[in-house]
Amino acid sequence: MADTATSEPPRDFIRDIVQADVDAGRVTGVVTRFPPEPNGFLHLGHAKSICLNFGVAREFGGKCHLRFDDTNPVKEEQAFIDAIQRDVKWLGFDWGDNLFHASDYFEQLYAWAEHLIEGGFAYVDDTPPEQMRAQRGTLTEPGQNSPFRYRSVEENQALFRDMRAGKFPNGARVLRAKIDMASGNMNLRDPVLYRILHATHPRTGDAWCIYPTYDFAHGQSDAIEGITHSVCTLEFEDHKPLYDWLIEHLPVPARPRQYEFARLNITYTVLSKRILTTLVRDGHVSGWDDPRMPTLAGIRRRGVPAAALREFVGRVGVARANSTVDVQMFDAAVRDTLNPSAPRRMAVLRPLKLIIENYPEGQTETLEAINHPDVPEQGTRPITFSRELYVEQDDFMENPPRKFYRLSPGKEVRLRYGYYVTCRSVEKDADGNVVALRCTYDPETKGGNAPPDGRKVQATLHWLSAADAVPAEIRLYSHLFNRPDPGADGDVMADLAPDSLEVLTGCFVEPALASAAVGEAVQFERTGYFCADPDGTAERPVFNRTVGLRDSYAKAKG
RNA sequence: UGGGGUGUCGCCAAGCGGUAAGGCAACGGAUUUUGAUUCCGUCAUACGGAGGUUCGAUCCCUCCCACCCCAGCCA
């Protein structure tokens with residue numbers, strides 16, 4: 001069987017684990033979760049996690065919760081909560097009624113903190129942050145016990161309640177788990193469970209001034225929701241002993257298990273929320289949805305369909321080895337999903353006037369263009385042919401090299417769906433720039449068909465009737481960073497590509513494109529996949545280049 | 001000189017003791033009114049290294065090397 005990667009169900013070690021648990025009856029139903037922190041927009045890395053978590057749930061007939069890990073109000077915003085939901089839906093996943101927030105559990109979490117205190121497993125520490133860091137030891141030296149580690153249960157209870165009551169300023173005290181200051185695992189050196197944060201939470205408002213840390217919220221939230229497989233990225237592996245310790249020391253309703261996979265890295269791309277936030281904040285891009293951004297919002301605006309993202313994620317796979325995927329793999333997935341369905345149209349990005357000397361002035365005729373070469377059901381559309389046309393500047397060379405198949409003085413080419421034309425002479429301006437091509441056409445080649453004498457032509461060009469073409473702006477995007485490993489030398493911003501956005505203003509497109517729906521993919525023949533941008537209007541549409549076509553000529557040329 | 005991970009083709013990634021899937025890229029060639037698509041074909045005697053166990057090891061053992069993560073009251 002020559003099954004493709006897309007037709008066979010994805011297989012990876014996570015799915016193997018889930019399958020084994022199901023087969024062994026260890027779980028009765030599969031429940032996963034996607035737990036974003038609402039402090040930024042979702043990006044390609046999140047797409048991998050979303051596809052994994054929702055994908056596993058779907059494949060095993062289980063469910064996947066969308067849970068906001070909103071434990072740090074100083075960084076989180078409602079706007080991000082909204083954007084994240086929009087993006088997950090767009091990617092094609094549905095959490096149904098299973099929308100949760102760690103903040104939904106604040107009261108329960110608080111009660112469990114008291115439970116730990118009662119059992120002598122947690123204590124309130126007055127040590128200032130800097131000193132606590134010094135006491136934590138180093139990677140090779142054990143830490144020191146805090147002098148507050150031996151407080152009585154009663155004192156801890158009173159202090160913790162006072163913390164909740166808002167009697168202390170930020171940073172004055174924290175609640176810590178009493179584990180082992182000498183552990184080789186730094187996360188077990190009496191980790192902080194609660195800190196004082198006098199901040200307004202997007203959901204709980206000012207109800208709280210103490211907030212649980214990630215470690216104290218995540219595993220318990222998983223337990224509360226009955227998550228069976230808590231899948232996260234590799235950097236949380238060190239946290240698993242703490243995750244398990246808390247689960248074991250608390251009367252939680254379930255026993256979730258954590259599994260880790262390697263996060264996604266892509267060449268010429270940065271997938272760090274911190275850096276993406278900086279790009280937006282400092283105006284290096286137009287916003288979170290700038291088409292150059294690796295955010296789902298940016299990618300969507302650029303014209304990439306959700307299906308392409310899913311395809312890409314599926315091709316990348318899931319494993320535990322750190323890796324960096326070639327960005328070309330992403331482009332390939334986009335082309336592969338767009339090619340079978342995107343309607344073909346013609347657009348001239350950098351126009352060059354072409355005048356057909358033997359075509360009657362004022363005459364015009366309607367030709368038929370095929371909408372998709374492989375999908376006849378997409379039908380045809382009428383296009384207007386006339387004496388004055390526009391062709392692409394790149395399609396003409398006055399002194400062409402050997403392998404240049406396109407137009408040059410004396411050369412004949414086919415105008416797609418039109419006629420064969422031969423370049424007879426060139427018009428130049430005072431500076432010697434070619435401003436127009438004077439050609440003749442062969443009436444016997446209508447529709448682009450070969451003439452009776454069987455003459456062959458080396459190239460077929462796209463074109464537009466000058467009088468009918470609609471002016472448009474076309475935006476070409478390239479990698480935001482100019483090296484495959486941005487930041488490898490220390491300063492990521494120094495690797496920002498200065499020319500990642502190229503705005504073409506003198507472009508022309510087919511009249512039909514003036515009403516193209518925003519975001520809907522079309523292929524501009526011979527140049528790439530594009531989609532209308534919301535910035536455009538019917539009079540002056542704006543198009544984004546989603547991805548170019550593969551170009552073996554450009555490659556051979558170097 | 002701590003703890004936890006990972007090392008299979010240029011980039012991802014299968015493989016779970018029986019003699020190296022697949023995708024991307026690359027390179028040939030066919031078809032082509034997109035130098036696109038499609039289509040054929042080529043592309044790891046080899047699995048970080050060295051030993052060992054075994055009839056047989058990428059898969060088991062030992063040692064070594066390289067790289068990644070951890071010293072936030074971030075997640």
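Reminder, nothing fancy here: chain letters follow the sequence lines and each chain counts from 1.
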For B:G49, does the O4'-C1'-N9-C4 or O4'-C1'-N1-C2 angle fall within 90° of 0, making it syn, or is it anti?
anti

Near RNA chain B, which residues from residues 163-176 of chain A have a heavy atom under 4.0 Å away?
A:G171, A:V174

When all nucleic acid strands are considered with a 4.0 Å heavy-atom cut-off, which category describes A:Y417: base, sugar-phosphate, or nothing?
base

Answer yes or no: is there a side-chain heavy-atom contact under 4.5 Å between A:L354 and A:W463?
no

Quick one: label A:P128 by what it contacts on the DNA or RNA (base, sugar-phosphate, nothing), any heavy atom closer than 4.0 Å.
base

By nearest-heavy-atom nucleotide on RNA chain B, the more 5' of A:T267 and A:D16 is A:T267

Are A:Y110 and A:F160 close enough that their ring centres sit under 6.0 Å apart?
yes

Expressed in angstrom and rounded to an integer, what is the separation of A:D190 atom CG from B:A71 atom P?
16 Å

Does the pair A:E225 and A:R67 meet the rule for a salt bridge (charged side-chain N to carboxylate O under 4.0 Å, His left out), with working shown?
CA-CA 10 Å; A:E225 294 178 18; A:R67 181 173 76 237; 3.2 Å; yes

Respond yes when some side-chain nitrogen or oxygen of A:R11 is under 4.0 Å from OP1 or OP2 of B:A13, and no when none is.
no

Presence of A:R526 side-chain N/O under 4.0 Å of B:G35 phosphate oxygens OP1/OP2:
yes

Contact class for A:N39 (heavy atom, under 4.0 Å): base, sugar-phosphate, or nothing?
nothing

Whether A:Y211 and A:H201 hold their rings parallel, tilted or perpendicular, with breakpoints at 30° and 60°
parallel

